[in-house]
Structure formats: structure tokens, C-alpha cells
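Per chain, numbering begins at 1; letters A, B, ... match sequence-line order. Worth saying up front: this structure is predicted, and the values here are computed from it rather than measured.
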Amino acid sequence: MAEAAPPPRPRPISPFLFPPFGTYSWQITSAISILHRLSGLALGVGALMLTWWLLALLGEPSDFDAVQDFLGSIFGRILLLGWTWALFFHLSNGIRHLVWDTGHALTLPNVYRGGWMVIVLSVVLTLATWVAGYWFR
Amino acid sequence: MASHHPQKRLVGPLGRARGLGSAKHGLQHWWAQRVTAIALVPLTLWFVFSVSVRLVGADQTRVHDWLSRPATAILMSLFIVATFYHLALGVQVVIEDYVHREGVKLTSLLLVKGLIVLIAAAALFTVLRVAVGS
């Protein structure tokens, strides 16, 4: 009557392991959600930079040149490029959030489509801004 | 008879629950975040266009002239207010999501929001000073 105990199965491995060791695959939905928050915080630091730039207007011309020189340095340009992308990403994805708030585009295909649109749009707008910046310099 | 009165209290269930719920400020926060977000769409585009097309590598005189124009000063003031208000709301959500000890949460909220108000005041003062003239 008594059945034999089934052979012990191997303990399941946690799926939350990142490639190449695990099977966890990123989704654009969560990645963008995390990036929205990070870009928002980065833009908060950028607002600090903007305030420094504005305050330098009240100082000597050399004070303002110092801020401009910092922004024009390689490090400054990398920061500005990052802030430009963070801004356009946060802006585009913010509009995506506002659309959701109206109850639209909440199906899974639309959520994914909007996510890719945000990524493409943020890159295109960043490039356009930098091309314009160098063009009109 | 006593089983009908397990608690001899004159306070009913509603009276006991009252005042223990949320502060009812959630909608105000949510709405203000959306309003500032919508306002920041045109303001941000204007700002990025201005600094990238007009002001790359500009010296102090040129930026000063730009900011002292009424239209620029008005838009810049609105941009600063909307930006820092939106930032304060966003940072509040981040802190509330990750900091759970009540004392630390309250302290960091007051500290970060105070800092944001201070920086916003500095930025706004600069614009007014330049626009109104020194």
C-alpha cells in the first residue's frame, strides 16, 4: 500500500540571478521605471548646477568664466550630455505617465511600445540638441 | 448580561478609528506633481533651446542681457519654481519609499526639502536681481 517516497528533486535555483549566470531577463518596463527615478534624481543635481551658473551672474565676469570653463571642459561636457539625456528621458517618460493617468495605453503591447518610443525619442532629442549646440556655437 | 457588554466604553468603533487614518494630503501631492509636470513640458523645452542654441560658451554680459529681458525673466522664474517644486515632490516619494524609520524619515524629509527651498530661493533671487537691475 505505502508508496515509495519520490526521489528528492534538486533544490530550485533562484530565478533572480542575472545573466550570464542566471535566467533573469530584464524587462523594458521595470528598467524604464528605475531609470525614471534615477534620471529625476540626476536632474535634481543638475538644478544645483543651474543655480551655481545663475549665481555666477552676480559675481565678477571672471567668476562666470570659471563656471563656463568648468561646463566646457571634457568632464563638464560629459555631465551636460548626461543631463541632456536624463532631461529628455524624464520628459518623454513623464508624458508617457501622463497618458497613463488618463487611462489610455495601459495594455501590455502599448506599455512596451511606449517604452521603446521613450528610449528612441530621448536619444534623438539629445543628439538634436547637441548638434544644435555645436552648430550655433 | 455581561456578554453583551465586553467593553464598557462609551466610544464607538467610529470614534476610535477617527483621526488614525491618512492625513488626506495624498491627492494634493499627486495633483501638484502632475500640474508641475505639465507646466515643465513647455518650460523645459524653452530652457534647453535657449541654452543650447543661444548661450553655448557665452560670456557673463551676454547671459546677463539674455536674462534681463522681461520674457526671459518671467519664463525663467516659472521654470525655477516648477522645477524645484516638482523636485521636492519627487524626492519626497523616493524618501518615503526607502526610509521606513519614522524619525529618520521625518528628519531627511525636512532636511532635503529645506535644502531644495534654499537652492530655489537662491536661483529665483538671482533672476529677480538680474531682471530688476542691481
State yes or no: do [X] and [Y] share one hydrophobic cluster built from I, L, V, M, F, W and Y residues joined by side-chain heavy-atom distances below 4.5 Å, directly or via other members?
| X | Y | answer |
| --- | --- | --- |
| A/Y134 | B/F49 | no |
| B/V91 | A/F89 | no |
| B/V117 | B/I95 | no |
| A/I32 | A/L87 | no |
| A/V111 | A/I28 | no |

With only heavy atoms counted, which part of [X] is less than 4.5 Å from chain A, the side chain, the backbone, both or neither?
| X | value |
| --- | --- |
| B/V41 | both |
| B/L45 | side chain |
| B/L124 | neither |

Inset, instruction - Among A/P61, A/G59, A/A132, single out the residue with the greatest number of heavy-atom pairs under 4.5 Å to chain B. - result: A/P61

Hey, what do you get for [atom1] ([X]) to [atom2] ([Y]), rounding to the nearest 0.5 Å?
| X | Y | atom1 | atom2 | result |
| --- | --- | --- | --- | --- |
| B/T61 | A/F64 | OG1 | CZ | 9.5 Å |
| A/H97 | B/Q33 | NE2 | CD | 9.5 Å |
| A/L43 | B/T83 | CG | OG1 | 9.0 Å |

Contact part of [X] toward chain B, heavy-atom cut-off under 4.5 Å: side chain, backbone, both or neither?
| X | answer |
| --- | --- |
| A/L80 | neither |
| A/L91 | side chain |
| A/L98 | side chain |
| A/W135 | neither |
| A/L125 | neither |
| A/D101 | side chain |
| A/F88 | side chain |

With the side chain counted from C-beta on, respond yes when [X] and [Y] share a heavy-atom pair under 4.5 Å apart, and no when they do not.
| X | Y | answer |
| --- | --- | --- |
| B/M76 | A/L50 | yes |
| B/Q60 | A/L57 | yes |
| B/I119 | A/W52 | no |

Minimum heavy-atom separation for [X] to [Y], with atom names?
| X | Y | value |
| --- | --- | --- |
| A/L55 | B/A122 | CD2-O, 4.1 Å |
| A/F136 | B/V53 | CB-O, 3.4 Å |
| B/V56 | A/G133 | CG2-O, 3.9 Å |

Should we count [atom1] of [X] as having more than 12 external heavy atoms under 6.0 Å?
| X | atom1 | result |
| --- | --- | --- |
| B/W30 | CH2 | yes |
| B/H29 | NE2 | yes |
| A/R37 | CZ | yes |

Legend entry - Main-chain N/O of B/D59 paired to A/Q68 side chain as donor or acceptor, under 3.5 Å: no

